[in-house]
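Before any comments, here is the structure.
Scope of the values below: all heavy atoms of this structure, side chains included, with no hydrogens, waters or symmetry mates. In this text the structure is predicted, and so the values were computed from the model without any measurement.
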Amino acid sequence: MAKHINSMNGLKISDLINEDGITFEIGEQFDNEDDEEFAYSPHVQFSNEEMLNMLNMNNFEDEDEDNDEGTVSLCGMSFSKLKAKMTPLIPDQKVMKYVKQKGVGEVVPQNAQVTVNYIGYFEYRDEPFDSTYSYGRPRSMRLGQGYIIPGLEFGICSMKKHEIAVFLIHPDLAYKAIGCPPRIPPNEEVVFVVHLIDYVDDGCALTYQDLSAEERRLFNHVAEPVKHMFVTAKDYFTKFNFKWAIREYRKIINCLETVKLEDSLEEDKMNEILSRAYTNLGLCYNKENMPLKACIALRQVPVPTAKSHYHFGKALLNIGEYDDAMKELQKARVLEPQDEAIRKAIQITNAKQREHREIEKRLCENCFRSKEGRTKITEFRKAARDLCENLIEGNDVLRQPVSEGFTKEEQGILREEAANFGLDVVTSTRNGKETVYLQKSKS
C-alpha cells in the first residue's frame, strides 16, 4: 500500500524509493500576506465546456466539408483531424499551430514575462491534465527559464497580445518518452489552448542577477537592468497589483544602494532614478492604504517633484498630520499650479483641518479644570464623541492627533469613546515629542 506523506513536513529519499509508492497530502496554504493574491483557490470550479467557452474554443467548424453535427468539440477530438487544420511552427512539424483569434501588436520577444490562460489536453480525453482555470487566475511567467515544456514555449513565442491559439506538441518537445506518471503518460502528444493576455519585454531585468559583485557596484552596469525593472513595476501597477509593484520598486532601490558613483553626471542620473523609484513606491503604499510607509519612502526622494509632494501630502493627510500635509500640497501647487487633483487635495485638507481644530477647541473649552463640573464632563464627552465620529466617517484619514494637557479622567473619557467606536489610541514619538493619536483599527 502506498505510503501517505504530508508535503508540508518534507520527505526522505527512502520515501521516494518506496516500492509501494507514495501519496502526497497537501497541507494548508502558507499564511503569507504578501503572497495572498497568488494563493490557490479551491473554490473555483469550471466544466470543460465553460473553460473552452471562456477561450472562445468551444468548436472547430469544418469550412471545407459539410458537417452534419454542426460543431466538433475539442474535448475528445482526434488530433489527426485537428492537425489537418494547423500550420507547422518548426520544420520538423513537432509544434503545430491553429489561430482561433488573431492578436495585436508585435510577436512576443525572447525572455519576456507573459501572462496567459491555458488548458492542456491529451487525445480523446474529456478532462484537461492542466489548466490555469483550476487556479482561478492567469499564470505569469518569464520565458527562457525552463518553466514550461519546450514546445509550449515555441508556441507562446509565436503569439501576439490577446491572441488565442491551439498548439499540438510532439512528445519530443513535451514530456518525452518518460512522461510524468500517472498524470502524464509516456510518449504522449499534447494540445494546449492558450490565450496570451499580455506580455512585458523586460528580459534584461534578469541580467542584474548575472552581474558580478564588482559589476553591481558600477552605475553603468546597473542602469540598464534597472530600466527594465521599471517596466515590470509599471506593468504590475497598471494591473492594480500594487503589492508586486512595491516589490519591484524596492528591488530597484536595493540594486542602487551599493553603487559607487564616478562623477557628478552619474550622481545626477542616480538621483533622477531614485526620485522616480521612491515616488512610485510611495504612491503604491498609498494605494495599499499604508500611509506611514508612504511617508518614509517619500521623505527619501532626492529631487522632489510636484508628484512626490502631492503623494507625500496625501499620505500625511491620511495620518492626520494636517499642517505638514498642507505644506507638501502647497509645494506641489507651486510646481503645478493648474493641477486639479492638487487643488482638490488642498480643499480636503483645509476642511479636515478646520473640523479637527473646531473639535479640539470644544475639548479644551470643556476641560474639567473649570467650575461647571458635571456640565463640562457632558460637553467634553460629546466633543470626544464628535472627534471619533469625524475620524470614522472620513475616508481620507486613518488617524487624528489628540491635544496635550488633558487630565487622567479626560484621557479616560477619550479612551472610552474611542473604544465605543472601535478606534485605537496609539502614541508616536517624533523628534523627541510624544503625540497621542486616535487611529482606525487595522483588524
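Counting only N and O atoms by type, the side chains of Lys176 and Asn187 include no donor and acceptor under 3.5 Å apart. Checked by atom type, the side-chain pair Tyr118/Arg139 shows a donor-acceptor distance below 3.5 Å.
Residue Glu188 holds its CD atom at 5.5 Å from CZ of Phe122, rounded to the nearest 0.5 Å. Within the model, atoms OH of Tyr278 and CG of Asn271 stand 11.0 Å from one another, a figure rounded to the nearest 0.5 Å. Taking CG from Leu196 and CD from Gln101, the interatomic distance works out to 11.0 Å, rounded to the nearest 0.5 Å. Within the model, atoms CD1 of Ile169 and CD of Glu153 stand 11.0 Å from one another, a figure rounded to the nearest 0.5 Å. Atom-to-atom distance recorded for Leu82:CG and Glu123:CD is 9.5 Å, nearest 0.5 angstrom. One finds the OG1 atom of Thr305 at 8.5 Å from the NE2 atom of His311 (value rounded to the nearest 0.5 Å).
The shortest side-chain heavy-atom distance between Pro138 and Thr132 does not fall under the 4.5 Å cut-off. Using a 4.5 Å heavy-atom cutoff, the side chains of Ser140 and Val114 are not in contact. Residues Leu283 and Lys287 are in side-chain contact: their nearest non-hydrogen atoms beyond the backbone lie under 4.5 Å apart. Proximity of Phe312 to Pro304: side-chain heavy atoms (C-beta onward) are nowhere separated by under 4.5 Å. Side-chain contact check for Asp324 versus Tyr322: every heavy-atom pair is 4.5 Å or farther apart. Side-chain contact between Ile90 and Leu173 is present, with at least one heavy-atom pair separated by less than 4.5 Å. At least one side-chain heavy atom of Asn280 sits under 4.5 Å from a side-chain heavy atom of Lys307. Leu143 is listed as a side-chain neighbour of Cys157, based on a closest heavy-atom distance under 4.5 Å.
For CD of Gln347, the number of neighbouring non-hydrogen atoms (other residues, nucleotides, ligands) closer than 6.0 Å is greater than 12. The environment of Glu106 atom CD is sparse: at most 12 non-hydrogen atoms of other residues, nucleotides or ligands sit within 6.0 angstrom.
Between Ile252 and Ala277, the shortest heavy-atom distance links the atoms CG2-CB, 4.1 Å. Nearest heavy-atom pair across Met141 and Tyr147 is CB-CD1, 4.4 Å. Nearest heavy atom pair, residue Met86 against residue Leu168, reads CE-N, 3.6 Å. Across Met229 and Lys251, no two heavy atoms sit closer than the pair SD-CD, 4.0 Å. Considering all non-hydrogen atoms of both residues, Leu298 and Gly282 come closest at CG-CA, 4.0 Å. Looking at every heavy atom in both residues, Ala306 comes nearest to Ala332 through O-CB, 3.5 Å.
Taking the six-membered ring for Trp and thresholds of 30 and 60 degrees, Phe129 and Tyr175 have ring planes more than 60 degrees apart, a perpendicular arrangement.
At distances below 3.5 Å, not a single donor-acceptor pair connects side-chain atoms of Thr258 with backbone N or O atoms of Arg217. Asn254 places a side-chain N or O within 3.5 Å of a backbone atom of Arg250 that can act as its donor or acceptor partner. The main-chain N or O of Ser212 is found under 3.5 Å from a side-chain atom of Glu215 such that the two form a donor-acceptor pair. Under the 3.5 Å distance criterion, the side-chain polar atoms of His195 are left unmatched by any main-chain donor or acceptor of Ile197. Side chain of Ser131 to backbone of Pro128: no donor-acceptor contact under 3.5 angstrom is found.
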I'd like to know whether Tyr249 forms a side chain to side chain contact (heavy atoms under 4.5 Å, CB included) with Thr279, so could you lay out the CA-CA distance, the side-chain angles of the two residues, the decisive distance to 0.1 Å, and finally the verdict.
CA-CA 10 Å; Tyr249 287 124; Thr279 299; over 6 Å; no
Derivation and outcome, side chain to side chain contact (heavy atoms under 4.5 Å, CB included), residues Thr349 and Ile346
CA-CA 5 Å; Thr349 304; Ile346 289 175; 5.7 Å; no
Given the rule in the side chain to side chain contact (heavy atoms under 4.5 Å, CB included) test, do Val194 and Asn117 qualify, once you have shown the distances and angles that lead to the verdict?
CA-CA 6 Å; Val194 181; Asn117 268 320; over 6 Å; no
Taking it one step at a time, do Ser158 and Phe167 satisfy side chain to side chain contact (heavy atoms under 4.5 Å, CB included)?
CA-CA 11 Å; Ser158 72; Phe167 300 102; 3.9 Å; yes
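Taking the side chain to side chain contact (heavy atoms under 4.5 Å, CB included) definition, one finds that Lys331 meets it with His309, Glu328, sequence neighbours left out.
Glu336 and Arg333 are not joined by a salt bridge, as no carboxylate oxygen comes within less than 4.0 angstrom of a charged side-chain nitrogen.
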Enumerate, atom names and distances included, each donor-acceptor pair closer than 3.5 Å involving a side-chain atom of residues 159-166, sequence neighbours excluded.
| from | atom 1 | to | atom 2 | distance (Å) |
| --- | --- | --- | --- | --- |
| Lys161 | NZ | Asp198 | OD1 | 3.0 |
| Glu163 | OE1 | Lys160 | N | 3.0 |
| Glu163 | OE2 | Lys97 | NZ | 2.7 |

For residues 261-269, which side-chain donor-acceptor pairs fall under 3.5 Å, sequence neighbours excluded?
| from | atom 1 | to | atom 2 | distance (Å) |
| --- | --- | --- | --- | --- |
| Asp263 | OD1 | Leu265 | N | 3.2 |
| Asp263 | OD1 | Glu266 | N | 2.9 |
| Glu266 | OE1 | Glu262 | N | 2.9 |

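For Tyr236 and Phe242, the gap between ring centers reaches or exceeds 6.0 Å.
Both tests pass for Arg276 against the ring of Phe230: distance under 6.0 Å to the centre and angle within 45° of the axis.
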